[in-house]
Amino acid sequence: MPELPEVETVRRGLEPWLAGARIDKVTLNRADLRFPFPEGLKDALEGQTVTHVGRRAKYLLLSLSGGKTLLSHLGMTGSWRFAEHGIDKPPRYYEPGTEPKHDHMVWEIAHPRHGKSHLIYADPRRFGFIDLFERPEDSPFLRGLGPEPLGNDFSAAEMAEKFAGKKTPIKSALLDQRVVAGLGNIYVAEALHRAHILPTILAGKLVTARGKPKQALDELAIAVREVLIEAIEVGGSTLRDFRNAEGGSGYFQHRFAVYDREGQACPTPLCTGIIARIVQSGRSTFYCPVCQKRP
DNA sequence: CTGCCCTCCTGAGTGC
DNA sequence: TGCACTCAGGAGGGCA
């Protein structure tokens, strides 16, 4: 589920309560998610203080006082949230017989100002995963990631270098985390619509013979940034599962121009198009056949 | 190397 | 109401 805006929303929800908190106790309710939990995870976490709550692409990065970093990927249905309960009491739904079956990891934490609470990682489909490392270069998940789309290294010129000669459709190219890190199916569709680019056009067609970005690619870089910033401002998108750390929904789904809007009118001013859905490399692509024609 | 396709898993939604 | 079936926001790995 969660793409960059959703992970950033989770990060912002966790930060005020988690940064500075000490992890007193870790309960693992199973041995794995998508991958086995890192060896010695419980011992590595207990007694540590979380010094920083960060994010890289779709990864949540919790820095620990001992120098290690915990990496959390939410897969499609992963969530971090604080249990609703009073200080020093167990979460309500850990009363006997009411344990939710998808709460795979529970932390008891103590914050110098906010007191004690429980932080729960839940993930029904278990596509999420956890990693623990000393240095970022030690984690295979961070290696090879492209630039942060909201950072200084991301630009049309940078994309043009990667796209030159590329025969993959622009939709698939943007989903490749080595090109730009943090986009998923939703925000790729929205960004392509804003830049009026046809999702099936080959990525190489957006680059001039001299290897420079065509105007459409310039506008795509801008559109990617805009759509992500707007989505973060309203707490990401909730289609089914996504919840922030307080258990609330995002609101960006109400602003979708194309995603999940097959058969509806294109919102581009003066455009008469009807949103279409096609399948590209096994994933749904939504676009407007009338105003998205550019290479 | 590149570009596909499959897969992991559960739950929600749909149609009969 | 029940049941079978399809589909879903990710991404590693395997294949041609």
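Here is the naming used below: chain letters follow the sequence lines, and residue numbers restart at 1 for every chain.
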Participant: Which nucleotide sits closest to the side chain of A:Phe242: B:dG3, C:dA8, C:dG9?
Facilitator: C:dG9

Participant: State plainly whether one hydrophobic cluster holds both A:Leu60 and A:Leu71, where clusters connect Ile, Leu, Val, Met, Phe, Trp and Tyr through side-chain heavy atoms under 4.5 angstrom apart.
Facilitator: no

Participant: For DNA chain C, report each stem as range with range, ordered by first number, or say none. Use Watson-Crick or G-U wobble pairs under 3.5 Å, at least 3 in a row.
Facilitator: B:2-8 with C:10-16, B:10-16 with C:2-8

Participant: Please tell me if A:Thr168 has a side-chain N or O lying less than 4.0 Å from either OP1 or OP2 of B:dC4.
Facilitator: yes

Participant: With P as the reference atom in both, quote the distance from B:dC9 to C:dC3 in angstrom, rounded to an integer.
Facilitator: 24 Å

Participant: Between B:dG3, C:dA11, C:dG10, spot the one nearest the side chain of A:Phe127, thanks.
Facilitator: C:dG10

Participant: Identify which nucleotide among C:dA8, C:dG9, C:dG12 has an atom closest to any side-chain atom of A:Ser284, counting heavy atoms from C-beta outward.
Facilitator: C:dA8

Participant: Just the rounded figure in Å: distance from C1' of C:dG10 to CG of A:Asn185.
Facilitator: 10 Å

Participant: Whole angstroms only, please: what is the CG-P distance between A:Asp176 and C:dG10?
Facilitator: 13 Å

Participant: Using salt bridge (Lys or Arg N to Asp or Glu O under 4.0 Å), reason through A:Arg255 and A:Glu190 one step at a time and then give a plain yes or no.
Facilitator: CA-CA 10 Å; A:Arg255 300 211 205 162; A:Glu190 294 298 311; over 6 Å; no

Participant: Taking the six-membered ring for Trp, are A:Phe286 and A:Phe256 ring centroids under 6.0 Å apart?
Facilitator: no

Participant: Grab the CZ-C1' distance between A:Phe129 and C:dG9 for me, whole Å please.
Facilitator: 14 Å

Participant: At what distance, to the nearest 0.5 angstrom, does CG of A:Leu62 lie from OG1 of A:Thr49?
Facilitator: 12.5 Å

Participant: Per the side-chain hydrogen bond (donor to acceptor under 3.5 Å, both in side chains) rule, which among A:Arg194, A:His196, A:Arg294 passes with A:Glu219?
Facilitator: A:Arg294

Participant: Which of parallel (below 30°), tilted (30 to 60°) and perpendicular (above 60°) describes A:His73 and A:Phe129?
Facilitator: parallel

Participant: Will you find, in the side chains of A:Tyr187 and A:Ser237, an N or O donor that is under 3.5 Å from an N or O acceptor?
Facilitator: yes

Participant: Hey, does the side chain of A:Arg283 come within less than 4.0 Å of C:dC7's phosphate (OP1/OP2), counting only N and O?
Facilitator: no

Participant: To the nearest angstrom, how far is A:Arg30 atom CZ from B:dC8 atom P?
Facilitator: 15 Å

Participant: With nearest nucleotides of DNA chain B determined for A:Ser172 and A:Pro124 from heavy-atom distances, which residue corresponds to the more 5′ nucleotide?
Facilitator: A:Ser172

Participant: Quick one: on DNA chain C, does A:Phe35 or A:Thr238 contact a more 5' nucleotide (nearest heavy atom)?
Facilitator: A:Thr238

Participant: Hey, does A:Gly282 reach any base, or is it just sugar-phosphate, or nothing, if we go heavy atoms under 4.0 Å?
Facilitator: nothing

Participant: Which nucleotide, B:dG3, C:dG10, C:dA8, lies nearest any side-chain atom of A:Lys166?
Facilitator: B:dG3

Participant: Would you say A:Arg126 places a side-chain N or O within less than 4.0 Å of OP1 or OP2 belonging to B:dC8?
Facilitator: no

Participant: Testing the 3.5 Å rule here: is there a donor-acceptor pair between the side chains of A:Ser284 and A:Arg277?
Facilitator: yes

Participant: What integer distance in Å separates A:Arg125:CZ from B:dA12:P?
Facilitator: 12 Å

Participant: Rounded off to whole Å, could you give me the CG-to-P distance for the A:Asp260 and C:dA8 pair?
Facilitator: 9 Å

Participant: If hydrophobic clusters are built from ILVMFWY residues whose side chains come within less than 4.5 Å, do A:Leu14 and A:Phe242 share one?
Facilitator: yes

Participant: Given atom CG of A:Asp103 and atom P of B:dT10, what is their separation to the nearest angstrom?
Facilitator: 15 Å

Participant: Could you state the atom-to-atom distance from CG of A:Leu175 to P of B:dG3 in whole Å?
Facilitator: 14 Å

Participant: May I ask you to say what A:Pro140 touches in the nucleic acid, namely base, sugar-phosphate or nothing, with a heavy-atom cut-off under 4.0 Å?
Facilitator: nothing

Participant: Distances under 3.5 Å between protein N/O atoms and the N/O atoms of nucleotides 14-16 of chain C, please, pair by pair.
Facilitator:
none

Participant: Answer yes if the side chains of A:Ser117 and A:Trp17 hold a donor-acceptor pair under 3.5 Å, and no otherwise.
Facilitator: no

Participant: Would you please confirm or rule out a distance under 4.0 Å between OP1 or OP2 of C:dA11 and any side-chain N or O of A:Lys58?
Facilitator: yes

Participant: With the 4.5 Å side-chain cut-off for hydrophobic clustering, are A:Val188 and A:Ile229 part of the same group?
Facilitator: yes

Participant: Does A:Arg178 make a side-chain N or O approach to OP1 or OP2 of C:dG12 shorter than 4.0 Å?
Facilitator: no

Participant: Please tell me if A:Tyr259 has a side-chain N or O lying less than 4.0 Å from either OP1 or OP2 of C:dG9.
Facilitator: yes

Participant: Would you tell me if any nitrogen or oxygen in the side chain of A:His102 comes within less than 4.0 Å of OP1 or OP2 on B:dG11?
Facilitator: yes

Participant: Would you say C:dA11 has OP1 or OP2 under 4.0 Å from some side-chain N or O of A:Gln177?
Facilitator: yes

